[in-house]
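Throughout, protein chains are lettered first and strands after them, A, B, ... in sequence-line order, and every chain is numbered starting at 1. All values below come from the heavy atoms of this structure, side chains included, with hydrogens, waters and symmetry mates left out.
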Protein chains: 2
Amino acid sequence: MIKPGDKKVLKKFGENLRKLRKNKSLSLRQMSYACSIDNSKIAKIEKGMVNVTLTTLLQLAHALDTHPCSLLDYDNPE
Amino acid sequence: MIKPGDKKVLKKFGENLRKLRKNKSLSLRQMSYACSIDNSKIAKIEKGMVNVTLTTLLQLAHALDTHPCSLLDYDNPE
DNA sequence: CAGACTGCGGTCTTTTTAGACCTCAAAGAT
DNA sequence: ATCTTTGAGGTCTAAAAAGACCGCAGTCTG
């Protein structure tokens, strides 16, 4: 299901997520605790290996204390 | 997996999606064609019965010719 | 009435997420 | 050298999404 075109999107999303996490100076395990998502999974998300669902997206945003939009804000206007 | 707390979120998301679709005066089948998502599925999403993934979210946003953020822009920062 | 469109709901199979747990190597500090 | 933290991968099960197809009732129009 993960089409080649999607991989790029997921990768970008992951990179942005990582950036935001680093900004908060959170380790994977700290963030895991903050949003009840397994650290190994967050790592996979950051690497673009997972197509997160809406609720997961919101959990991540909550843990980062930011609006969900921030997680989608990697978009470069075309 | 869809926890009771999530249902509310998905419902709100769906309602917002429907609002945006109506704004564009698109029928389910028209939108289905625009984003390659089955019309029955879109109906389910709008009713909050599906926890959409990131790529699906982006497909929907694309079909509505709007930024993904708009889909998350219901008043629910939490 | 007939025909078209609409939203909605159901079924089915394949693929994937969610979630939990475990291991490991590298880097840090004590 | 030891202990801890960190990021990264791996495995496994159960639940759910993806995707496609079908049918139905209501509405509208010719």
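Residue A:N23 places its CG atom among more than 12 non-hydrogen atoms of other residues, nucleotides or ligands, all under 6.0 Å distant.
A salt bridge is absent between B:E15 and B:K19: the closest approach of a Lys/Arg side-chain nitrogen to an acidic carboxylate oxygen does not fall below 4.0 angstrom.
For A:N51, the side-chain atoms get nearest to C:dT17 when compared with the rest of C:dT17, C:dG9, D:dG7. Of the candidate nucleotides D:dA20, D:dA18, D:dG19, D:dA18 has the atom nearest to the side chain of B:T56. Here the nucleotide nearest the side chain of A:D38, chosen from C:dA20, D:dC21, C:dC8, is C:dA20.
Of the side-chain N and O atoms in A:K44, none sit less than 4.0 angstrom from OP1 or OP2 of C:dT17. A sub-4.0 Å separation between OP1 or OP2 of C:dT6 and a side-chain N or O of B:S27 is present. Residue A:R29 places none of its side-chain N or O atoms closer than 4.0 Å to OP1 or OP2 of C:dC21. For A:K22 and D:dG7, the shortest distance from a side-chain N or O to OP1 or OP2 is below 4.0 Å. The phosphate of C:dA18 (OP1 or OP2) has a side-chain N or O of A:T53 nearer than 4.0 angstrom. At C:dG7, one or more side-chain N or O atoms of B:R21 fall inside 4.0 Å of OP1 or OP2 (strictly under the cut-off).
Here the P atom of nucleotide C:dA20 and the NZ atom of A:K41 are 9 Å apart, to the nearest Å. In this structure, the CG atom of B:D6 is 11 Å from the P atom of D:dA16, given to the nearest Å. Rounded to whole Å, the distance from CD1 on B:I45 to C1' on D:dA18 is 10 Å. Between the CD atom of B:Q59 and the P atom of D:dG19 there is a distance of 6 Å, given to the nearest Å. Rounded to an integer number of Å, the gap from CG of B:L26 to P of C:dC5 is 16 Å. With rounding to whole Å, B:E46 atom CD is found 14 Å from C:dG9 atom C1'. Per the geometry, CG belonging to B:L54 stands 15 Å off C1' belonging to D:dA18, to the nearest Å. Computed from coordinates, the B:I42 CD1 to D:dA17 P distance equals 16 Å when rounded to whole Å.
At a cut-off of 3.5 Å, with distance as the only test, a side-chain donor of A:N51 or B:T53 sits close to an acceptor on the other residue.
Taking the nucleotide of DNA chain D with the nearest heavy atom to each of B:V50 and A:N39, the more 5' of the two is matched to A:N39. Along DNA chain C, the nucleotide closest to A:S36 and the one closest to B:M49 are compared, and the more 5′ of them pairs with B:M49.
The closest donor-acceptor contact from the side chain of A:N16 to the backbone of A:L71 lies under 3.5 Å. The backbone N or O of A:E46 lies less than 3.5 Å from no partner atom in the side chain of A:R18, so there is not a single donor-acceptor pair.
One can find a donor-acceptor pair under 3.5 Å joining the base of D:dC21 and the side-chain atoms of B:S40.
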